[in-house]
Each structure stands twice: as C-alpha cells, then as structure tokens.
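Accompanying notes for the structure given below.
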Amino acid sequence: MKQLFTFFAFFSITLLATAQTKSDPDAKKILDAVSAKFKGFAAPQATFTYQVENAQGKALSTKKGSVIMKGNKFKVNMDGMEIFSDGRTVWNYDKSANEVTVNNLNEGGNGMTPQKVFTNFYDKDFYYKLNGTKKVGGRTVQEIELTPTDKTRPYHKVYVWVDQANNTIYSAKFLEKSGGRYSYTINSLKPTSAIADTEFIFNKSKYPGVEVVDLR
C-alpha cells in the first residue's frame, strides 16, 4: 500500500533521466488544464482501480477503491483498508487486523497525496513530454511520459493518460526500478456536497477493540 500515494505517485510517472533535461510545453498545457479543472471542485470524489503487474506486464492483483478529498484532507477506502488524513496526520486502518497505524503525513520528498495526482505535482518533481494521442479503453487519451527529477525515487518512469474529452486523468502507470509495475485507473471523478472535516479523522470510538500503533 505504500505505492498508493507515490503516484497518483495519484497521481503517480519517461525517458531515462540522462536523456531528458527539460519539459515539453505541449504536455504542460494539458497537465495545467487537468489541474485547473480539479481545483474547481470543492470536495471531489473519485473511484479507481489499482493494479499490480510483474515486469512482463502480467497482472498480479487488482483492487477497487474510492477517495474523497477536501483541501489538503483525504479519505481512502480500498478492499479492507481505510486511510484518513486531516492534512497533518495520517491513519491507516487495516480491517482484517482491526489495527490502525498513526503517522505524520509527509508531503515532501517522496511523499504524495491523492490531491497531488490531480494537480500540479509535475511542475517540480518531473520532466515531462507529450507522446501523442491513442485509444485506451474506448477513450481518446493523450499520453504524457514523466521522468522523476529525484533519482532516489523507487520508480524510473511514469505514464499518464489524460482523457481528451474532459481534461481529466484517465490512468497512470508507474514503472519501478525493481521491475514491478503498478497503475491507477480513474473510473469516475465528480464534485460532492459539503463534507464535515471530522470525516477525515479516524474516530476510535467507531472501531471497537481497535489496536492503535502510534509511530509519530
């Protein structure tokens, strides 16, 4: 699950670092449009599919999830796991173990939040270029190839596909240095009604018998 926020790590990302030293202005225009649209949502909600593959591209596991965001706060649900963050602290709840791990949210360095997948995470963290337009899943998407500027990151390439019809991210695939791959496909993205800030804080009283592991 550590991959969840190294995306989109969202979101999420390339030529080899030695081969690309500047970014493509055409790719920036597309990514800027995605970021601007997302910022217009007060409390966006997304559903997604998370898939892990081996180096040969064979799917090893597939999970579905959802995320709600508000400002710098977020809440993720995915196959027996809930992740809460109020923008400062992050709670990872494992339903099968009835255990929650508490830590400080690290947005710097290799840290990544869901919001960054949809906004301007690319400006400082990646070189990027537009590879062109293709058909994926029945949609017309624009493929953008990203190279991380930080060579210590566990992945060396990220591919982002932007839905040309509505200026939203359709999918992103991360290629790890170890050979593994993981991807996120956004199944839906929409604004939601007002959400209370308390929804982004783990409430121990709602989880009887939960074990709390505080790593702060």
Q. Please walk me through it: do Y127 and E145 pass side chain to side chain contact (heavy atoms under 4.5 Å, CB included)?
A. CA-CA 8 Å; Y127 299 119; E145 185 178 337; over 6 Å; no
May I have the step-by-step check of side chain to side chain contact (heavy atoms under 4.5 Å, CB included) for T168 and I186, ending in yes or no? CA-CA 9 Å; T168 59; I186 308 303; over 6 Å; no
*Under the salt bridge (Lys or Arg N to Asp or Glu O under 4.0 Å) rule, what do E199 and K73 come out as? Steps first, then yes or no, please.*
CA-CA 9 Å; E199 291 296 314; K73 306 173 183 65; over 6 Å; no
Would you sort out whether N92 and V100 count as a side chain to side chain contact (heavy atoms under 4.5 Å, CB included), showing the intermediate values? CA-CA 5 Å; N92 287 270; V100 63; 5.7 Å; no
Q.
Evaluate K64 against D79 for salt bridge (Lys or Arg N to Asp or Glu O under 4.0 Å), listing each step before the verdict.
A. CA-CA 7 Å; K64 292 186 180 295; D79 286 358; over 6 Å; no
Residues L130, E143; criterion side chain to side chain contact (heavy atoms under 4.5 Å, CB included); working and verdict: CA-CA 6 Å; L130 178 61; E143 180 181 279; 5.9 Å; no
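In this structure, CG on L175 lies 10.0 Å from OG on S183, to the nearest 0.5 angstrom. For the atom pair CZ (F74) and OG (S85), the distance works out to 4.0 Å, reported to the nearest 0.5 Å. From K135, atom NZ reaches atom CD of Q164 across 9.0 Å, with rounding to the nearest 0.5 Å. Residue T185 holds its OG1 atom at 5.5 Å from OH of Y170, rounded to the nearest 0.5 Å. For the atom pair NZ of K70 and CZ of F200, the computed distance is 6.5 Å after rounding to the nearest 0.5 Å. With rounding to the nearest 0.5 Å, the separation of CG in D150 from CZ in F126 is 9.5 Å.
Two residues are said to be in side-chain contact when any heavy atoms from C-beta on lie closer than 4.5 Å; L31 and Y128 meet this criterion. The side-chain heavy atoms of V162 and V141, taken from C-beta on, include no pair separated by under 4.5 Å. L105 has its side chain out of reach of R88: every pair of non-hydrogen atoms, C-beta onward, lies at least 4.5 Å apart.
The neighbour count for K177 NZ, taken as heavy atoms of other residues, nucleotides or ligands under 6.0 Å away, is above 12.
Tested against Y182 for a side-chain contact (heavy atoms from CB on, under 4.5 Å), the candidates E53, K173, E176 yield a single pass: E176.
Using modelled atom types, one finds a donor on one side chain and an acceptor on the other under 3.5 Å when comparing T47 with S188. Under 3.5 Å, the side chains of T62 and Q51 contain a donor-acceptor pair of N or O atoms. Checking N103 against T89 by side-chain atom types alone, no donor-acceptor pair falls below 3.5 Å. There is no side-chain donor-acceptor pair under 3.5 Å between S23 and K28.
Linking ILVMFWY residues whenever their side-chain heavy atoms come closer than 4.5 Å, directly or via other members, leaves Y93 and M81 in distinct clusters. Each of I195 and F84 belongs to its own hydrophobic cluster when Ile, Leu, Val, Met, Phe, Trp and Tyr are linked at side-chain heavy-atom distances under 4.5 angstrom.
The shortest non-hydrogen separation linking K37 to N166 is NZ-O, 2.7 Å. The shortest heavy-atom contact between I144 and A27 is CD1-O, 3.9 Å.
The aromatic ring centroids of Y184 and Y50 lie less than 6.0 Å from each other.
Residues satisfying the side-chain hydrogen bond (donor to acceptor under 3.5 Å, both in side chains) criterion with Q45, sequence neighbours excluded, are absent altogether. Listed by chain and residue number, nothing satisfies the side-chain hydrogen bond (donor to acceptor under 3.5 Å, both in side chains) test with D26 (two or more places apart in sequence, or in another chain).
The backbone N or O of N167 sits nowhere less than 3.5 Å from a side-chain atom of D163 that would complete a donor-acceptor pair. Side chain of K63 to main chain of S61: no donor-acceptor pair is present (N/O by atom type, distance under 3.5 Å, no hydrogens or angles).
Figure legend: cation-pi geometry between R181 and Y155 absent, as NZ or CZ is not positioned both under 6.0 Å from the six-membered ring centre and within 45° of its axis.
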Considering only distance and modelled atom types, tabulate donor-acceptor pairs under 3.5 Å from the side chains of residues 201-216, sequence neighbours left out.
unit_1: N203; atom_1: OD1; unit_2: S205; atom_2: N; d: 3.1
unit_1: N203; atom_1: OD1; unit_2: S205; atom_2: OG; d: 2.6
unit_1: Y207; atom_1: OH; unit_2: E82; atom_2: OE1; d: 3.1
unit_1: Y207; atom_1: OH; unit_2: E82; atom_2: OE2; d: 3.4
unit_1: D214; atom_1: OD1; unit_2: R216; atom_2: N; d: 3.0
unit_1: D214; atom_1: OD1; unit_2: R216; atom_2: NE; d: 2.9
unit_1: D214; atom_1: OD2; unit_2: R216; atom_2: NE; d: 3.3
unit_1: D214; atom_1: OD2; unit_2: R216; atom_2: NH2; d: 2.6

